[in-house]
Amino acid sequence: MNAPRPRLVLIDGSSYLYRAFHALPPLSNDAGEPTGALFGVVNMLRATLKDKPDYVAFVVDAPGKTFRDDLDPQYKANRPPMPDDLRAQVEPMMQVVEALGMPILRVPGVEADDVIGTLAVQAATHGIDVTISTGDKDFAQLVRPHIALVNTMTGSRTDSDEAVIEKFGVRADQIVDYLSLMGDKVDNIIGVDKCGPKTAAKWLDEYGTLDGVMAHADEVKGKLGENLRAVLHRLPLNRELATIRTDVELEQAPTDLALRERHVEDLKVLYARYGFKQALKELEGASGEGGAGDGGDAGGASGSARAGGGATGLRSTAAGYARGSSADDEALDPALAAPGEYETVFTDAQLSAWIAKLRAADEFAFDTETDSLDAMRANLVGMSFAVTPGAACYIPLAHDYPGVPAQLDRAAVLDALRPLFSDASKRKLGQHGKYDLHVLRRHGVDVAGYADDTMLESFVYNATATRHDMDSLARRYLGYETIPYEQVAGKGAKSIPFPQVAIDDASRYAAEDADVTLRLHRVLAAKLAAEPMLQRVYREIEMPLVPVLTRMEATGMKVDGDELRRQSADLSRRMLAAQQKATELAGRTFNLDSPKQLGALLFDELKLPVLVKTPGGAPSTNEEALEAIADQHELPRVILEYRGLAKLRSTYTDKLPEMVNPDTGRVHTSYHQAGAATGRLSSSDPNLQNIPIRTDDGRRIRRAFVAPEGRRIVACDYSQIELRIMAHLSEDAGLLRAFAAGADIHRATAAEVFGKAIDAVSGNERRAAKAINFGLMYGMSAFGLARQLGIGRGEAQDYIALYFDRYPGVREFMERTRQQARERGYVETVFGRRLYLDNIHARNQGLRAGAERAAINAPMQGTAADIIKRAMIDIDGWLAGHRERALMVLQVHDELVFEVEANFVPTLLEEVSGRMAGAAELRVPLVVDSGSGQNWDEAH
DNA sequence: ACTGCTGCGTAC
DNA sequence: GACGTACGCAGCAGTG
């Protein structure tokens, strides 16, 4: 054997201090000095010294700038100052390190990482075995022969390429590229939005290096692909920032770092002072295992209040930007990005002057600032206005902090503004104005003439760009960087409510909102004007829908909270029974909610076969997987039972009662008008578009959506609307005939495909036909159909071939749609709404196939969305004369729900059905089914 | 304590 | 790899 190589341990001091601080409870000594982090670090140091390294260094950052700061002024710009409780532990830590006899390295102008990197490489090339002791994954890039990482907090050791691959999914030489893709929040390195370890590893596996990923960026589909392309230009900089230098000038060589004699007396004093009993005992020659210090106070619970201090709805969501559409490659006008001049209105004279300006204009932009993101609870804190680009004002109304300047009276200001807001001929414009309409309405101001909304302009112009918040739009269409909300109000737990934001800061932020909205409108209105069909979708569908949705949200729906709580109790009881049964069957306890633990139990311990994998490659425990092994063990069935119950309770019966607004006693969902690229609405807080209906337990939840005394719930839904649209678009003779005859479309399809008379179709055949019908609309393959029906792939292929044989128009329609997507880069709905497909020409087969499936689905899903939106606008207009008797309360894609006076039900059914059916003239009739009852379940 | 990702499941 | 569009829950790993 060779002589043992000498060993060098390089300790990443800052990393351990911070990690120990976060990982350990906030311990303190008898004098009340914080000691948690110190305790962690000291234990780590003692463990390190037990192995008796030949050389050792404790490396920490020196204050001052480094080359990374020069590369990127934003580097580490987000870092909050060190918490006081941690700062207090730094000096004691250095004293302990010193007393232990460890050399301390703190090199001005060089980050600790680079000191460690340089020493490690030098030592390794001079016959020394190096261990880097750190909790920071970035160091994985240094792993190579004779350089290993160890994390003594977790006990993990990474000492080979295999170990790096096992941990990160990439080789050590790919780590820098991997980090560049993910970015680093704490260092303020902007990576690819939504790209985490899995995605980064997948891309690097596929394309080898960062350069490879960048070269193939146009093949990556979906939002991730957009996000990747958006930050492409930054990635080389990220690589530089993430690369640990191994060539900096240092005064010390590795061999200068011999461990010195420890200073026992100093250590005794320090250990005693901070209460490290175990360490003290060891020092005094005794030994023993045991208690790791007295527990201090446990970390205090924090409020779970939603992030307050919201401004304009989407405005305050996180940044992150998407590439502009394929339709707007023009250069941006630099004048658009110039800073604005803003005025804060404190006096009546200033207010009068601004009102005069607003009166003189045809159109103005406005925005509200509030103390909550929830429009149904938010209080008005200030308002801003803009009439000409670059000039805006902010009127503070309810800022409240010590020394706050006198502000105008809120009620008086609103009274003065009311005539402007109620004048429908005065065009108002906003960004996500539905939010502001709610706020003003709740403060006694009804807005008429809400004429333009930049979020909706952007959505109609290019729905593929996923973000339509103001910050993203300003960046994309103006080249303008807005002031982030976090900059004025802080972020997360440290954020302050908007009323406490200094008026000066609030003014810059809020006035900018109105100014930028106006600038954006100028740009986007011109773009839309150049596309007459899109212009119509915007003018005739999206804008008129805004007040309709506002009314529906404001109305809300009555929910019987007590009924839901009873259901929760019942579900809990049954969950407990399932859990006990599962424990019995497993022979041990485990967390039924943890797919990881469940997978280990089923597939490792019980050795059940893995028939389904997750997209991440792990054995799946989803419903399909559990069904597949349910005949081999009792446990999977019990898990399925538990899952079903847990889902209902956690998502619905527990949560919905919490969401009842105390002022109205109802739940007020938010509809997101720019939510789904196809033009559908989405619903959140709570999402009322995914309330269960398929199982009996699920459907019970709908019984809690009730009508008040004397009223009924009425539900009207389109029958098979997307298939009817497919018939319309494909003009397939067979499909048109079936719908014209009013046939049960799945049964009719089965009769055609299986060559039988309508009456001879079996239940199973109808089920298969239904799967084909739906599958086709989603672009499903034979493989998918086979899986869905549990049949062979060949058989599934036969069904599909037979289908296309009987309905050749459908095949042609699908080919035509793909063709159009390829030629023009987009597909459109019957009403001209467009969806761009960024990946339709991707070289990557999977991405391209995905884009083709989306292309086939979008015209049908989108046309259905257009139709029901038109119906809603029409119905809302009719309901204007009947507000006391009937309210439109919900939309669920192909269904509208109303709350109606009992004696008005027949009228409403007739009117609504007629207006829904008449919302479009297609080659097939639109059929509407409806029902009524005391609750939403009965109405079906 | 907080964030983001993963796995899963609900709707149309 | 294999079915389109959403929202949201719990677990979990990572994090100065």
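Sequence lines set the chain letters: A, B, ... in the order given, protein chains first and strands last, and positions in each chain run from 1. Model, not experiment: these values are computed from the prediction.
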Original post:
Where does DNA chain B pair, written as one dot-bracket string 5' to 3', with Watson-Crick or G-U pairs under 3.5 Å, ( ) inside the strand, [ ] for crossing pairs and | for another strand?
Top reply: ||||||||||||
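- The same atom, P, is picked in C:dG1 and in B:dT6; the two are 15 Å apart, to the nearest Å.
- Within 4.0 Å of A:L681, counting heavy atoms only, lies no atom of the nucleic acid at all.
- The base of B:dC8 does not come close enough to the side chain of A:R643 for any donor and acceptor atom to sit less than 3.5 Å apart.
- For the pair A:R680 and C:dT5, the criterion of a side-chain N or O lying under 4.0 Å from OP1 or OP2 is not met.
- In this structure, NZ of A:K655 is placed 9 Å from C1' of C:dA10, rounded to the nearest angstrom.
- Close to C:dA6, at under 4.0 Å from its OP1 or OP2, lies no side-chain N or O of A:Q861.
- Among the heavy atoms of the strands lying under 4.0 Å from A:G196 are primed sugar atoms or P, OP1, OP2 only; no base atom is included.
- OP1 or OP2 of C:dC12 sits under 4.0 Å from a side-chain N or O of A:S594.
- The CG atom of A:N844 sits 11 Å away from the P atom of C:dA2 (whole-angstrom rounding).
- One interatomic measurement links the two molecules: CD1 of A:I721 to P of C:dG4, which rounds to 21 Å at whole-angstrom precision.
- Note on A:F774: nothing from the nucleic acid sits closer than 4.0 angstrom, heavy atoms only.
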**OP:** With side-chain hydrogen bond (donor to acceptor under 3.5 Å, both in side chains) as the test, would you mind laying out the steps for A:S15 and A:D136 before giving the verdict?
**Re:** CA-CA 6 Å; A:S15 156; A:D136 185 347; 5.9 Å; no
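- Side-chain N/O atoms of A:S682 include one lying less than 4.0 angstrom from OP1 or OP2 on C:dC7.
- More than 12 non-hydrogen atoms from other residues, nucleotides or ligands lie less than 6.0 angstrom from NZ of A:K655.
- For C:dG11, the base has no donor-acceptor partner in the side chain of A:K596 [N/O atoms by modelled type, under 3.5 angstrom].
- For A:N591 and C:dG11, the shortest distance from a side-chain N or O to OP1 or OP2 is below 4.0 Å.
- Taking atom OH on A:Y778 and atom P on C:dT5, their separation rounds to 10 Å, with Å as the unit.
- Contacts of A:E895 with the nucleic acid, taken as non-hydrogen atoms under 4.0 Å apart, are absent.
- At a threshold of 4.0 angstrom between heavy atoms, the contacts of A:N687 are confined to the sugar-phosphate backbone, with no base atom among them.
- We find that A:R699 and A:D696 are joined by a salt bridge, their nearest charged nitrogen and carboxylate oxygen being less than 4.0 Å apart.
- In this model, the phosphate group of C:dC7 is not approached by any side-chain N or O of A:S684 to a distance below 4.0 Å at OP1 or OP2.
- Here A:R694 reaches the OP1 or OP2 of B:dC12: one of its side-chain N or O atoms lies under 4.0 Å away.
- The shortest distance between the side-chain N/O atoms of A:S620 and the OP1/OP2 oxygens of B:dG7 is not below 4.0 Å.
- Checking the phosphate oxygens (OP1, OP2) of C:dT15, a side-chain nitrogen or oxygen of A:K137 falls inside 4.0 Å.
- Using a cut-off of 4.0 Å between Lys/Arg side-chain N and Asp/Glu carboxylate O, A:E722 and A:R680 are scored as salt-bridged.
- Nearest to the side-chain atoms of A:A854 among the listed nucleotides B:dG9, C:dA2, C:dT5 stands C:dT5.
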